[in-house]
Amino acid sequence: MKNRHRYSPNDKMSSLICDNYSLLTVMSRFGLALGFGDATIDEVCRRNGIDSTTFLTVVNFIAEERDSIEIDDSLSVTALMSYLKRAHDYYLGFKLPSIRQKLVEALSCSHDTGLSALVIKFFDEYVGEVHDHMSYEDSHVFTYVTSLIDGKDNGGKRFNISTFARHHDRAESKLTELKNIIIKYYPQDDGNPELMNDVLYDIYNCEADLALHTKIEDYLFVPAIAGLERKVKDEARQ
């Protein structure tokens with residue numbers, strides 16, 4: 001990488017996780033498992049067929065809490081897209097269903113059945129919106145990017161990454177409304193406040209994680225794809 005960042009290829013992967021445990025999610029979304037001993041970041045990535053430049057770009061973007069980052073020419077769009085796909089699978093297949101299960105359990109202790117029904121309905125509508133948002137990216141945006149990787153600009157004038165960027169909604173915003181409903185209106189004398197506090201903590205974490213996911217799409221993925229579009233167009237003119 002051109003500039004000195006917080007983490008480099010020769011740092012131990014175990015040190016990275018011990019230093020910042022939130023980066024465990026980055027590891028899993030790159031398909032990396034625990035049990036890497038004293039191997040360096042570069043060694044673990046090469047051993048698992050992961051592009052270390054792309055891994056470190058995402059890691060440093062998160063760890064340094066940046067609003068922008070210089071995109072290295074060697075960044076792998078394929079690896080970044082795979083990371084984003086795994087993140088979608090995590091939210092839709094694990095994290096959001098887990099929060100719903102905890103919500104149902106916590107609300108089952110409540111005497112206010114009207115509030116319970118409202119919260120579950122609100123959450124289900126939110127999950128539906130997230131599903132639509134991420135399914136569109138999976139089926140349309142990523143398909144378009146795959147065609148660019150293959151050297152084909154199948155979007156042409158009908159679609160490009162700047163069009164996606166202009167209409168890229170923030171998937172986490174409705175979670176703010178949900179947690180405010182719980183904080184303001186959950187009955188104080190109801191059953192299991194520890195469980196509700198636990199699920200509320202999960203909602204806060206998910207909200208922050210989704211916001212970060214959106215930033216990675218906006219500040220890493222979109223610029224990388226814009227560069228790929230220019231490359232494909234330049235090659236088509238030759």
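Throughout, residue positions are numbered sequentially from 1 according to the sequence presented. Just so you know, these numbers come straight off a predicted model, no measurement behind them.
Here the shortest heavy-atom pairing between Met27 and Ile17 reads SD-CD1, 3.3 Å. Minimum interatomic distance between Leu84 and Glu217 (heavy atoms only, all atoms of both residues): CD2-CG, 3.8 Å. Counting all heavy atoms, side chain and backbone alike, Tyr7 lies closest to Ala63 at CE1-CB, 3.6 Å. Of all the heavy atoms in Asp11 and Ser8, the pair that sits closest is OD2-N, 2.8 Å. Summarising the geometry of Val59 relative to Val26, their closest heavy-atom pair is CG2-CG1, 3.9 Å, with the distance given to 0.1 Å. When all heavy atoms of Val222 and Ile161 are compared, the pair lying nearest together is O-CG2, 3.9 Å.
The number of heavy-atom neighbours closer than 6.0 Å to CD of Glu129, taken from other residues, nucleotides and ligands shown, is above 12. The local environment of OH in Tyr201 is sparse, with at most 12 non-hydrogen atoms from other residues, nucleotides or ligands closer than 6.0 Å.
Formation of a donor-acceptor pair under 3.5 Å by the Asn60 side chain with backbone atoms of Leu56 is found in this model. Checked by atom type and distance alone, the side chain of Asn48 never pairs as donor or acceptor with a backbone atom of Ile50 at under 3.5 Å. The closest donor-acceptor contact from the side chain of Ser135 to the backbone of Asp132 lies at 3.5 Å or more, if one exists at all. Side chain of Asp150 to backbone of Lys152: no donor-acceptor contact under 3.5 angstrom is found.
By the 4.5 Å heavy-atom criterion applied to side chains, Thr53 and Ser76 are not counted as neighbours. Between Lys215 and Phe61 there is a side-chain heavy-atom pair separated by less than 4.5 Å. Using a 4.5 Å heavy-atom cutoff, the side chains of Asn10 and Ile41 are not in contact. Between Leu220 and Thr54 the shortest side-chain heavy-atom distance does not fall below 4.5 Å. Counting heavy atoms from C-beta on, the side chains of Arg29 and Asp89 never come closer than 4.5 Å. Using a 4.5 Å heavy-atom threshold, the side chains of Val58 and Phe30 count as touching. Side-chain contact between Ile182 and Ile203 is present, with at least one heavy-atom pair separated by less than 4.5 Å. For the pair Tyr186 and Leu107, the minimum side-chain heavy-atom distance is below 4.5 Å.
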Assess the residue pair Asp19 and Arg6 against the criterion (side chain to side chain contact (heavy atoms under 4.5 Å, CB included)); give the C-alpha distance rounded to whole Å, side-chain angles, the decisive distance to 0.1 Å, and a yes or no. CA-CA 11 Å; Asp19 184 48; Arg6 183 166 179 176; 3.2 Å; yes

Could you go through the ring pair (Phe, Tyr, Trp, His ring centres under 6.0 Å) check for Phe142 and His88 one step at a time? CA-CA 12 Å; Phe142 295 159; His88 291 178; 5.7 Å; yes

Could you walk me through whether Ile99 and Val127 pass side chain to side chain contact (heavy atoms under 4.5 Å, CB included), step by step? CA-CA 11 Å; Ile99 290 176; Val127 171; over 6 Å; no

Give the intermediate values and the outcome of side chain to side chain contact (heavy atoms under 4.5 Å, CB included) for residues Thr40 and Glu43. CA-CA 5 Å; Thr40 66; Glu43 289 170 341; 3.1 Å; yes

Starting from the C-alpha separation in whole Å, work towards a yes-or-no answer on side chain to side chain contact (heavy atoms under 4.5 Å, CB included) for Thr176 and Lys179. CA-CA 5 Å; Thr176 303; Lys179 72 177 192 290; 3.5 Å; yes

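A distance of 11.0 Å separates CG of Leu148 from OG1 of Thr143, quoted to the nearest 0.5 Å. Separation of atoms CG (Leu228) and OH (Tyr144) is listed at 8.0 Å; rounding is to 0.5 Å. To the nearest 0.5 Å, the span separating OG on Ser82 from CG on Asp51 amounts to 11.5 Å. For the atom pair CG of Leu195 and NZ of Lys102, the computed distance is 7.5 Å after rounding to the nearest 0.5 Å. Between Glu207 atom CD and Leu178 atom CG the span is 9.5 Å, to the nearest 0.5 Å. Taking CD1 of Ile62 as the start and OG1 of Thr25 as the end, the distance is 6.0 Å to the nearest 0.5 Å.
Legend: residues meeting salt bridge (Lys or Arg N to Asp or Glu O under 4.0 Å) with Arg86, ordered by chain and number and at least two apart, are absent.
In summary, the side chains of Glu137 and His133 do present a donor paired with an acceptor at a separation below 3.5 Å, with no hydrogens or angles considered.
Between Arg100 and Asp124 a salt bridge is recorded (basic side-chain N to carboxylate O distance below 4.0 Å). Using a 4.0 Å cut-off between charged side-chain N and carboxylate O, Asp138 and Lys85 make no salt bridge. Lys121 has a carboxylate O that lies under 4.0 Å from a charged side-chain N of Glu125, or vice versa, which qualifies the two as a salt bridge.
Tracing side-chain contacts under 4.5 Å through hydrophobic residues (I, L, V, M, F, W, Y), one reaches Phe221 starting from Ile149; they form part of the same cluster.
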Pairs under 3.5 angstrom only: tabulate donor-acceptor contacts from the side chains of residues 90-97 to other protein residues two or more places apart or in another chain.
| from | atom 1 | to | atom 2 | distance (Å) |
| --- | --- | --- | --- | --- |
| Tyr91 | OH | Asp209 | O | 3.2 |
| Tyr91 | OH | Asp209 | OD2 | 3.0 |

